[in-house]
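In listed order, ligands and their atoms are each counted from 1. Predicted model only: the values in this text are computed from it and were never measured.
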Amino acid sequence: MNFKLKDGFLMGTASASTQIEGGEVGNTWNDWYHKGLIHDGSDPAVADDHYRLYKEDTALMGKMKMQIARFGIEWARICPAENVVDYDVLDHYRDEITGMKKLGIRPLMTLHHFSNPMWFENKGAFTKRENLHYFLEFVEIAVDYLGDLVDDYITINEPNVYATNSYCFGQFPPAHTSFIETFAVLENLAHCHIESYKMIHDIRRKKGFTNTMVGFANHLRAVDPEDPKNPVHRASAKAVEWFFQGAITYAMSRGEFMLPLVDHWKTEKGEYADFNGINYYSRSTVSGLSDGVRKNSPRNDLDWEIYPEGLVRVATWLSGILYRPIYVTENGTCDNSDSFRSRYLYEHLRAISESVLPFERYYHWCFIDNFEWLEGQSARFGLVHNDYDTQTRTIKKSGEFFTKMIENHGVTDEMYDKYVSGIEYRIK
Ligand code: BGC
């Protein structure tokens with residue numbers, strides 16, 4: 001039952017500023033809470049209070065032997081109003097990054113993760129081409145100020161999830177339901193990614209750095225027809241795959257815009273990612289144009305199917321579009337009682353260890369239980385438990401297992417017996 005990870009393979013966790021920092025910072029999620037739209041009523045101004053507790057949290061990462069950390073910076077804090085930059089906030093992030101590096105943890109910085117400053121949102125955010133310069137200016141400011149400390153960047157997190165949840169399914173702010181807006185946002189995010197990609201490289205080159213790695217965190221799902229013999233289900237699966245993740249992947253990684261995306265920017269075709277960032281959680285089983293879940297499948301607490309084979313499937317597909325080192329920039333599961341997370345970890349990392357693809361890093365989602373967007377505090381994905389009343393962190397058994405995997409560069413038979421053996425998933 002043991003396995004070894006490849007030489008040089010690095011492990012750590014991922015987070016997003018809005019989900020952990022807390023504070024009333026004038027972003028779209030503070031606003032969503034005040035509109036009463038977080039399902040369990042929890043307040044992102046609480047979250048993990050990480051903006052205040054960052055030193056303790058970084059120390060805990062060190063204690064847990066993390067080698068890498070994906071973290072986000074909060075645009076609304078850095079630019080609290082149009083044309084305003086708060087350098088104290090940038091200094092705060094310098095301090096946080098320096099703290100990680102002192103512990104030997106390599107930072108990967110995310111520039112956009114689902115959250116906008118309200119002043120940008122009120123202008124129509126990424127639906128309008130004339131707004132994009134605001135984001136690019138923010139990227140320039142942040143990378144100029146922090147770029148000497150950070151080699152690795154994610155421009156945009158999950159453009160497809162952000163665009164569809166916000167503009168197609170009407171769930172994330174601003175909860176619109178328009179295909180036209182959805183595809184405009186996807187096109188504009190692709191443009192922002194490509195321009196940021198070039199800009200980050202330029203800024204870093206001017207500072208004398210040649211080891212810059214820039215990519216985006218691509219949310220990929222394994223997509224299968226509910227009934228593989230049914231031609232309608234097969235066609236739907238192909239359509240969902242293309243509209244949700246195919247078209248945007250070509251646009252972001254290669255500057256190739258294909259229908260339903262158009263390219264108002266006359267983008268030069270090229271290669272716009274130094275690594276393939278994959279956020280992988282689950283499989284979609286499709287019979288029409290919406291997402292479904294396979295019957296009689298293992299489920300997590302949010303009823304998502306647990307399907308470890310899908311990770312290598314999506315990585316194979318992506319490598320066929322652009323071949324790059326693979327960073328699993330998110331993978332994890334909602335398991336409120338930490339009863340099956342260790343098995344989930346074991347199966348996904350084992351799949352990576354057996355693959356011939358160039359997997360180089362694994363960022364588990366997430367480090368500490370955090371504010372899970374619409375689900376608020378009630379969906380726990382962390383390796384570390386958070387008591388939101390006291391902000392007390394407690395390492396879970398799966399967190400202990402994760403550290404042991406780092407120390408042993410894989411899983412030994414003893415570890416399997418102690419952490420994995422006997423764990424059953426809930427089947428539904
Ligand atoms: C997002 C995270 C989120 C996680 C679990 C991803 O889609 O990037 O912010 O917490 O999934 O739902």
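In this structure, CD1 in Ile248 is found 13.5 Å from NE2 in His219, a value given to the nearest 0.5 Å. Distance check: Trp75 CH2 to Ile141 CD1 gives 10.0 Å after rounding to the nearest 0.5 Å. Taken to the nearest 0.5 Å, the CG atom of Asn300 stands 9.5 Å off from the CZ atom of Arg341.
Applying the ring-ring contact (aromatic ring centres under 6.0 Å, His included) definition to pairs two or more places apart or across chains, those involving residues 283-312 are Tyr281-Trp304, Trp304-Phe381.
Aromatic rings from Tyr162 and His112 are positioned such that their centres are separated by under 6.0 Å.
Between Ser284 and Arg221, the shortest heavy-atom contact is OG-NE, 2.7 Å.
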Measure from every N or O atom of ligand 1 to the protein's N or O atoms and keep only the pairs below 3.5 Å, writing each with atom names and distance to 0.1 Å.
from, atom 1, to, atom 2, distance (Å)
ligand 1, 7 (O), Glu158, OE1, 2.5
ligand 1, 7 (O), Glu158, OE2, 3.0
ligand 1, 8 (O), His113, NE2, 3.1
ligand 1, 8 (O), Asn157, ND2, 3.0
ligand 1, 8 (O), Glu158, OE1, 3.4
ligand 1, 8 (O), Glu330, OE1, 3.1
ligand 1, 8 (O), Glu330, OE2, 2.8
ligand 1, 9 (O), Gln19, OE1, 2.8
ligand 1, 9 (O), His113, NE2, 2.8
ligand 1, 9 (O), Trp373, NE1, 2.8
ligand 1, 10 (O), Gln19, NE2, 3.0
ligand 1, 10 (O), Trp365, NE1, 3.2
ligand 1, 10 (O), Glu372, OE1, 2.6
ligand 1, 11 (O), Tyr281, OH, 3.4
ligand 1, 12 (O), Glu372, OE2, 2.5

